[in-house]
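Ligands are counted one by one from 1 in listed order, and the atoms in each one are counted from 1 as well. Quick caveat, the model's predicted, so the values are computed rather than measured.
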Amino acid sequence: MILITGLNGEMGSALVQRLKELDVKNIIGLDIKPIKKSIKSFLTKSYIGDIKDKQLINKIFTENKIKQVYHLAAILSTKAESLPFLSHQINVDGFLNLLYEIQNNNTKVKFFFASSIAVYHLDKNNNVKISEDEFCDPSNMYGCNKLYCERIGSYFSKYSDLMNNLDFRSLRFSGIVSANTLPVGGTSDYAPEMIHNAVQNKSYTCYVNPKSCIPFMVMPDAIDAIITLMNTKRSSLKRNVYHIQAFNPTVQEIYNKLKAHFPNFQLNYDINERRQSLIDCWPSDLDQSAAKKDWGWEPKFNFNKAFDDYLIPYISDYYKMKE
Ligand SMILES: NC(=O)c1ccc[n+]([C@@H]2O[C@H](COP(=O)([O-])OP(=O)(O)OC[C@H]3O[C@@H](n4cnc5c(N)ncnc54)[C@H](O)[C@@H]3O)[C@@H](O)[C@H]2O)c1
């Protein structure tokens with residue numbers, strides 16, 4: 001059985017659809033909210049409840065022989081900053097509940113953990129290409145939670161005799177933009193919000209300045225990356241955790257691209273200091289040589305293809321159909 005936590009979210013919904021296309025069966029979903037109708041039929045079973053609930057997690061592992069976990073349930077970066085204790089309980093304790101059950105079972109489990117570039121903190125020069133091992137000194141709650149989970153997942157997987165059955169794999173994502181969903185609670189939300197507003201002929205007030213720059217990718221590339229990483233033989237993977245990106249435009253460059261498609265699109269600024277400081281201390285560019293070498297990471301969508309062939313046409317169609 002395959003367990004996907006946070007199934008209702010942007011990534012979970014896209015992942016389960018892709019697994020279904022690949023004819024993967026025996027998928028179980030867990031989310032705190034009732035599973036969306038559009039994806040419920042792809043599941044063998046679903047559980048509605050809280051990742052913090054130890055009894056529920058025990059029930060899921062007792063009732064099913066779980067061989068793969070895609071752990072996506074989380075509080076995202078902006079919300080985590082305002083609710084740091086709850087963020088720890090969901091993002092760290094929830095993760096530990098899963099590891100505890102894996103430890104109690106003898107079954108070998110391949111575990112995917114969705115991490116983030118929020119684990120990095122660069123004081124200045126955040127436009128230098130960095131490797132996975134540099135600047136891991138998070139200055140935000142979400143990044144602390146993600147880095148700690150990466151470390152204990154790697155520790156149990158590599159060093160502890162308690163969990164020889166755990167095969168832990170993780171990707172640090174930056175902003176992911178999907179044509180199907182609008183994100184809530186992330187610090188990189190300005191990019192999808194700009195696109196959705198431009199397509200609807202609305203202006204947009206951006207909370208970070210025009211020079212702001214972090215890596216992005218589109219959802220189909222993120223999902224392909226997860227599936228490829230999970231299908232790679234363990235012996236080829238030299239690391240437990242990799243970071244990846246596809247393109248890294250500034251806010252101004254995103255605006256220029258949208259303006260070329262929607263000449264009336266107006267962008268205003270009302271800077272949110274906290275969100276700006278998070279973006280400023282995250283890297284703008286990642287050295288992806290490890291992911292390329294170990295499991296052949298290559299995004300299909302660069303900046304132009306992502307906007308011209310995927311995001312703008314699909315999001316435009318979505319709003320036309322709603323009219
Ligand atoms: N989307 C991005 O740009 C991005 C970037 C970096 C990392 N990530 C990571 O990828 C994962 C998925 O992100 P997403 O964009 O789909 O987020 P999302 O907010 O759309 O989805 C998260 C899901 O988790 C569920 N959830 C929240 N609290 C829960 C709880 N206590 N118990 C059970 N379920 C709970 C929510 O209901 C939601 O369906 C997260 O771990 C996130 O940190 C996402």
Query raised in the report: Is D50 salt-bridged to K52, cutoff N-O under 4.0 Å?
Result: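 Salt bridge: yes.
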Query raised in the report: If you measure from the Lys or Arg side-chain nitrogens to the Asp or Glu carboxylate oxygens, is any gap between K300 and D309 under 4.0 Å?
Result: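 No, K300 and D309 are not salt-bridged.
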Report task. Identify, for atom 31 (N) of ligand 1, the protein heavy atom at the shortest distance, and state residue, atom and that distance. Result ->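 Protein heavy atom at minimum distance: D50 OD1, 2.8 Å.
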Report task. List the closest protein heavy-atom neighbour of atom 38 (C) of ligand 1: residue, atom name, distance to the nearest 0.1 Å. Result ->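 I find the closest protein heavy atom is D31 OD2, 3.6 Å.
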Answer yes if the ring centres of [X] and [Y] are under 6.0 angstrom apart, and no otherwise.
X: F168; Y: Y155; answer: no
X: H196; Y: Y204; answer: no
X: F111; Y: F95; answer: yes

Query raised in the report: From Y70 OH over to R169 CZ, what is the distance, rounded to the nearest 0.5 angstrom?
Result: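 Here the rounded value is 9.5 Å.
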Under a plain distance cut-off of 3.5 Å, with no hydrogens placed, do [Y] and [X] share a side-chain donor-acceptor pair?
X: D133; Y: S131; answer: no
X: Y310; Y: D221; answer: no
X: S170; Y: S115; answer: no
X: N140; Y: H121; answer: no

Requested in this report: Give a yes or no on whether K79 atom NZ has more than 12 heavy-atom contacts from other residues, nucleotides or ligands under 6.0 Å away.
Outcome: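 No - once you tally the heavy atoms of other residues, nucleotides and ligands closer than 6.0 Å, there are 12 at most.
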**Report entry** Heavy-atom neighbours of K67 NZ exceed 12 at 6.0 Å
**Finding:**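 Counting other residues, nucleotides and ligands, NZ of K67 stays at 12 neighbours or fewer.
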Can you find an N/O atom of [X] closer than 3.5 Å to an N/O atom of ligand 1?
X: S188; result: no
X: G175; result: no
X: S116; result: no
X: K52; result: no

Proximity of [X] to ligand 1 by residue part, where a heavy atom lies under 4.0 Å:
X: I90; answer: side chain
X: V184; answer: neither
X: H71; answer: neither
X: S115; answer: backbone

Looking at ligand 1, would [X] count as a contact under a 4.0 Å heavy-atom criterion?
X: S77; answer: no
X: S174; answer: yes
X: F113; answer: no

Of the listed options ([options]), which comes nearest to [atom] when hydrogens are ignored and any heavy atom counts?
atom: atom 2 (C) of ligand 1; options: I176, T181, L171; result: I176
atom: atom 13 (O) of ligand 1; options: Q89, E10, M11; result: M11
atom: atom 17 (O) of ligand 1; options: L72, D189, L76; result: L76

At a 4.0 Å threshold, what atoms of ligand 1 neighbour a non-hydrogen atom of [X]?
X: N8; value: 39 (O)
X: K146; value: 40 (C), 41 (O), 42 (C), 43 (O)
X: A74; value: 24 (O), 27 (C), 40 (C), 41 (O), 43 (O)
X: G49; value: 32 (N), 33 (C)
X: Y142; value: 6 (C), 7 (C), 8 (N), 9 (C), 42 (C), 43 (O)
X: I51; value: 30 (C), 31 (N), 32 (N), 33 (C)
X: A114; value: 9 (C), 10 (O), 11 (C), 41 (O)

Query raised in the report: For F303, is the NZ or CZ atom of K257 found under 6.0 angstrom from the centre of its six-membered ring and inside 45 degrees of the ring axis?
Result: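 Yes.
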